[in-house]
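Heavy-atom basis, side chains included; hydrogens, waters and symmetry copies ignored. Note that the coordinates shown come from a computational prediction; the quantities given were computed from them, not determined experimentally.
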Amino acid sequence: QVQLEESGGGLVQAGGSLRLSCAASGRTFNTYAMGWFRQAPGKEREFVGGITKSGGSTYIPDSLKGRFTISRDNAKNVVYLQMNSLKPEDTAVYYCAARRGTYYKLTPREYDYWGEGTQVTVSS
């Protein structure tokens, strides 16, 4: 079992940057692919980035490419989401999720474990 805890959220002005972290418990972190999702009020949970268990492959949706980057440090049991040039529409609760196996998936139901989320608010 994996426990996940996100951190690094907060209030930032448009154009600013944040780096979210997701710390995982346990010794098997490197057996899980990881994903980042976000959910704004009244909207469905949205995939914003995925990374394979080794960190060798990553995916950011085209709509976010160039602004968001996902990475992981398996020695520290942490996955990161670097967010640059933030916009008010990036405001949401951001969640990390773990999925057993090599590859990330784009849909929330494919993930086995979730963190509690961290709020990101971007002011205009």
Problem - Over 12 non-hydrogen atoms of neighbours within 6.0 angstrom of CD in Gln119 - result: yes
Exercise for the section: Scan side-chain atoms only and decide if Tyr111 and Arg100 contain a donor-acceptor pair under the 3.5 Å cut-off. Expected result: no
Practice task
Flag yes if more than 12 heavy atoms outside Glu89 fall under 6.0 Å of its CD atom; otherwise flag no.
Solution key: yes
Exercise for the section: State whether the side chain of Arg67 and the backbone N or O of Ser85 hold a donor-acceptor pair below 3.5 Å, judged by distance alone. Expected result: yes
Practice task
To the nearest 0.5 angstrom, please state how far the CZ atom of Arg72 sits from the SG atom of Cys22.
Solution key: 9.5 Å
Completion exercise
Heavy-atom closest pair (Phe47 atom, Leu106 atom, distance to 0.1 Å) is CB-O, 3.4 Å
Completion exercise
dist Leu18:CG -> Leu81:CG (nearest 0.5 Å) comes out at 9.5 Å
Problem - Reported CG-to-OH distance for the pair Asp73 and Tyr80, which is rounded to 0.5 angstrom - result: 5.5 Å
Exercise for the section: Flag yes if more than 12 heavy atoms outside Lys65 fall under 6.0 Å of its NZ atom; otherwise flag no. Expected result: yes
Problem - Same cluster (ILVMFWY, side-chain, under 4.5 Å), Val79 and Leu4 - result: yes
Practice task
Drop me the distance from Arg19's CZ to Ser7's OG, to the nearest 0.5 angstrom.
Solution key: 9.0 Å
Problem - Side chain to side chain, Ser17 and Met83, heavy atoms closer than 4.5 Å - result: no
Practice task
Just grab all the side-chain hydrogen bond (donor to acceptor under 3.5 Å, both in side chains) pairs involving residues 30-44, residues at least two apart or on different chains.
Solution key: Arg38-Glu46, Arg38-Asp90, Arg38-Tyr94, Gln39-Arg45
Practice task
Search all heavy atoms of Ala14 against all heavy atoms of Pro88 and return the closest pair with its distance.
Solution key: CB-CD, 4.1 Å
Problem - Validation row: Asn74, Phe29 side chains within 4.5 angstrom (heavy atoms) - result: yes
Practice task
Decide whether Ile60 and Val120 are clustered together by the hydrophobic rule: side chain heavy atoms of Ile, Leu, Val, Met, Phe, Trp, Tyr closer than 4.5 Å, transitively.
Solution key: yes
Problem - Non-hydrogen side-chain atoms of Ile70 and Tyr104 separated by less than 4.5 Å - result: no
Practice task
Report the distance from atom OH of Tyr103 to atom CD1 of Ile51, rounding to the nearest 0.5 Å.
Solution key: 13.5 Å
Problem - Verify same cluster id: Leu64, Val12 (apolar side-chain graph, 4.5 Å) - result: yes
Problem - Tyr95-Phe37 aromatic ring centre distance below 6.0 Å - result: no
Problem - Pairing of Arg99 and Asp112 as salt bridge, 4.0 angstrom limit - result: no
Practice task
Check whether any side-chain N or O of Thr118 sits under 3.5 Å from a backbone N or O of Gly9 as a donor-acceptor pair, and report yes or no.
Solution key: yes
Handout entry: Gln1 vs Tyr113 side-chain heavy atoms within contact, under 4.5 Å
Key = yes
Completion exercise
dist Ser123:OG -> Leu11:CG (nearest 0.5 Å) comes out at 5.0 Å
Practice task
Without swapping roles, check the side chain of Thr91 against the backbone of Val122 for a donor-acceptor pair under 3.5 Å.
Solution key: yes
Problem - pair Cys96-Trp114: side-chain heavy atoms closer than 4.5 Å - result: no
Problem - Main-chain N/O of Gln3 paired with Ser25 side-chain donor or acceptor, under 3.5 Å - result: yes
